[in-house]
Protein chains: 4
Amino acid sequence: MPKIVDEQMREATRQHIIHEAAHEFARLGFDQANINLIAEKAGIGKGTIYLYFENKRELFLAMLRFIAQTQLAAIRGALAQNGDLQTRLEQLFLAFVRLAEEESDSFNVYMSALYGVNRAFRTEATKLLRDYVAVIAMVLEEAQARHEIHIDDVDTTALMVLSLTESFILSARVLGQSQQSLMAQATRTAQFILQGLGTPLQPE
Amino acid sequence: MPKIVDEQMREATRQHIIHEAAHEFARLGFDQANINLIAEKAGIGKGTIYLYFENKRELFLAMLRFIAQTQLAAIRGALAQNGDLQTRLEQLFLAFVRLAEEESDSFNVYMSALYGVNRAFRTEATKLLRDYVAVIAMVLEEAQARHEIHIDDVDTTALMVLSLTESFILSARVLGQSQQSLMAQATRTAQFILQGLGTPLQPE
Amino acid sequence: MPKIVDEQMREATRQHIIHEAAHEFARLGFDQANINLIAEKAGIGKGTIYLYFENKRELFLAMLRFIAQTQLAAIRGALAQNGDLQTRLEQLFLAFVRLAEEESDSFNVYMSALYGVNRAFRTEATKLLRDYVAVIAMVLEEAQARHEIHIDDVDTTALMVLSLTESFILSARVLGQSQQSLMAQATRTAQFILQGLGTPLQPE
Amino acid sequence: MPKIVDEQMREATRQHIIHEAAHEFARLGFDQANINLIAEKAGIGKGTIYLYFENKRELFLAMLRFIAQTQLAAIRGALAQNGDLQTRLEQLFLAFVRLAEEESDSFNVYMSALYGVNRAFRTEATKLLRDYVAVIAMVLEEAQARHEIHIDDVDTTALMVLSLTESFILSARVLGQSQQSLMAQATRTAQFILQGLGTPLQPE
DNA sequence: TATGAATGAGAGTTCATTCAT
DNA sequence: AATGAATGAACTCTCATTCAT
């Protein structure tokens, strides 16, 4: 079965290139990142990259998709466990804190793409944003089904939740807050959201 | 007083360059923006830009500062009028919706700088973030002085308010929401915040 | 006799590659032609070409030789039939018109090689030129033996005849003359040559 | 008048670049010629070439036009003097011999363009071919006006004359004939043409 | 023998910056 | 002060060729 082995090798190399590319793109941005350097760091020849990706742009997009998958998987994982809404919102918050810490490069790349000028990159980054909203909306709907809350517009509310977790965390980090101090705010933020939704505070 | 006249001329030219630069940087991003084109659009010679700005980087920074001033002035203006906290939060929300619409270029430039890779740009963009938080914190403290609310950590709360306004609005716009539908959410968002802060809903 | 069979197979593959190469070289020129594409069109692996030809240059030379053989065979064939000089010159002219039409790619490749910058290619293309002259010279000598004409310098005259047929036809084609209008000039050109040689016009 | 001086300087530089480019293109062909090297040989910076020519292709075309002008001027000059047709045909022949010797680079570039694969280059080279034919046609018509000859199709005849001079000379050179031996054939070729046209040989 | 993945030299082109005028 | 011609570093991408399988 050399075909399958080859295919696995190829996919492994692809992933490897994407990893190095992610690092460089995060460090320097799309324009300043250097294909030669990415190849060098990946331990392959300069031309080899073009056997795996059509051009620099496609490599960047592939990397964006990879980041999106990874991040979404992490967030989904954090919300997979059962529990009441407060617990799950706390889990969501903590998951984002962890991601923002461990994958800060990815977040920078993602935000740059989301608010940058390249249309294709924005489109790709927007998909992740939509996925985040969808995942949170699902959690909210489950809570609603359990009569924990009552919401009119689930999607808008989900976006508010996302702003109070992801955006809040990113801003706080930019302002210099440590991971620890951020984690300490998980409960409080979850309470803020629940109260905001009109749900009376539940005793911890 | 030729000196002063000269000084005024010089400042006017500077502002003029910054304006054209803002347009190009917003349109193309820092790397893709072309100094020659900016000069041409500003109606001055290529070399002249370097009499006003040390290099491309400094021009970008000056433009960032200009954007920050303009935006902060708009937000300050929106919060200047009196009224209870709910009203002022609504005003804040509406002000951001307007800004995001009318100065969307500036927002993109600002967000790119905030989450981009250039350290100097991040530092500058962070200042604006800090200023926003400070302005909101002041509003919150005034409300607290009037016993409308009670908050422990004013700065963190201010950042939450900012996330629920600015970040929320930007995300919503990226997802395709219109200015109108956004404006319709001002009251609701303000209520969400007030409830989140533990304040019983006030009759409108 | 597997050896001979193998040898035949090998020669067949070689010819096949040359054919595809001729097409690509004629279409794009030596530099722009792509070895990978030639291999693909020939239905063989990229590396296989190098088992048949040392490098791109050698492949081009082999193709030049192939073109030369084909063309010379066509011209020889046209002159093989008997007849007086006028008839044979007409045949020569018509043969070149046909070749220029049906093998215009080959002519372009040949002319590019003849007047191009690559020394090796020029040398190869010059051989064909010499062969043409030799063939024509032979015809002239036969006519001389039959006392149809009297010439001092056969080779120079042959070159003049070649210029008035091949070069004339190629130029006319570049200037847009159709195959038909060219063919109509066969008799006239032959007469021109004969008169040029000092031979009184023969009644048709 | 700095404007005019500048304009003259600019034109001088342009001509200078074209000269060096002609040399390189003749030596290596379009694809192999190196813009960097052309710049270097012209004693200017690599980027400077792009202030004078949009790209490599345009530089090549400009050079083709320059060659065409130069060659056509030489041929026109040779035919300017009065004299009977025989004399003028000899002058034409000698002019081409001289050109082929002194500007052999130009001839190679021109022929490569004429029979090469690049459509734009062919179009440009064809113009020169047309001009040659036109100049010769004019000479023939003048002779006809003086009743020296009688021709039906002037253009076709002009092309025959061109083939018997330019193409003949180029072929002869490729076959190794020296300038001297070529020059010695001027009279004979002119006679060949005149006889070919049906004109009784004039006593020298 | 046949293959095609991998390689890396190489080249056209852009553009921030300089500096003579 | 203002200019813009000149510069050359830098970068993406192509493709002939190699070689392990």
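The sequence lines fix the lettering, A, B, ..., with proteins before strands; numbering per chain opens at 1. Worth knowing before you read on, the calculation uses all heavy atoms, side chains too, and leaves out hydrogens, waters and symmetry mates.
With both pairing distances under 3.5 Å, E:dA20 is matched to F:dT3 as a Watson-Crick or G-U wobble pair.
Centroid-to-centroid, the aromatic rings of D:Tyr115 and C:Tyr115 stay 6.0 Å apart or farther.
Going from atom CD of A:Glu40 over to atom P of F:dT12 covers 13 Å, rounded to whole Å. Summarising the geometry, the separation between CD on D:Glu58 and P on E:dT13 is reported as 10 Å, rounded to the nearest angstrom. For the pair D:Ile38 CD1 and E:dG12 P, the interatomic distance rounds to 8 Å; values are reported in whole Å. Atom CD1 in C:Ile35 sits roughly 16 Å away from atom C1' in E:dT3 (whole-Å rounding). Distance B:Phe53 CZ to E:dT18 P: 16 Å, rounded to the nearest Å. For A:Arg57 and F:dC13, the CZ to C1' distance is 15 Å, given to the nearest whole Å. Rounded to whole Å, atom P of F:dA6 lies 7 Å from atom CE of D:Met9. Between the CG atom of B:Leu28 and the P atom of E:dT14 there is a distance of 15 Å, given to the nearest Å.
Contact annotation for B:Leu51: base contact, defined as any heavy-atom pair under 4.0 Å involving a base atom. Across all strands, A:Ala33 comes closer than 4.0 Å only to sugar-phosphate atoms, never to a base (heavy-atom distances). When heavy atoms are screened at a 4.0 angstrom cut-off, D:Tyr52 is found touching the sugar-phosphate backbone but no base atom.
Each of D:Ile44, D:Ile18, D:Leu59, D:Thr13 was checked for a side-chain contact (heavy atoms from CB on, under 4.5 Å) with D:Tyr52, and the lone residue meeting it is D:Thr13.
Classification of the B:Phe60-B:Phe121 ring pair by plane angle, with boundaries at 30° and 60°, yields tilted.
Here B:Asn55 does not reach the OP1 or OP2 of E:dA16: none of its side-chain N or O atoms lies under 4.0 Å away. OP1 or OP2 of E:dC15 lies within a sub-4.0 Å distance of a side-chain N or O belonging to B:Asn34.
Considering all non-hydrogen atoms of both residues, C:Arg57 and C:Ala120 come closest at NH1-CB, 3.6 Å. Looking at every heavy atom in both residues, D:Asp31 comes nearest to C:Gln32 through OD1-NE2, 2.6 Å.
Both A:Gln32 and C:Asp31 lie near DNA chain F, and the one whose nearest nucleotide falls closer to the 5' end is A:Gln32. Both D:Ile44 and A:Glu54 lie close to DNA chain F; mapped to their nearest nucleotides by heavy-atom distance, the more 5′-ward contact belongs to D:Ile44. Between D:Tyr50 and B:Tyr50, the residue whose closest nucleotide on DNA chain E is further toward the 5' end is D:Tyr50. Across the interface with DNA chain E, nearest-nucleotide mapping of B:Gly47 and A:Ile49 shows A:Ile49 to be the residue nearer the 5′ end.
Below the 3.5 angstrom threshold, one finds no donor paired with an acceptor across the side chain of D:Lys56 and the base of E:dA11.
Minimum atom distance to the side chain of A:Asn36 is reached by F:dC13, of the listed F:dG4, F:dT17, F:dC13.
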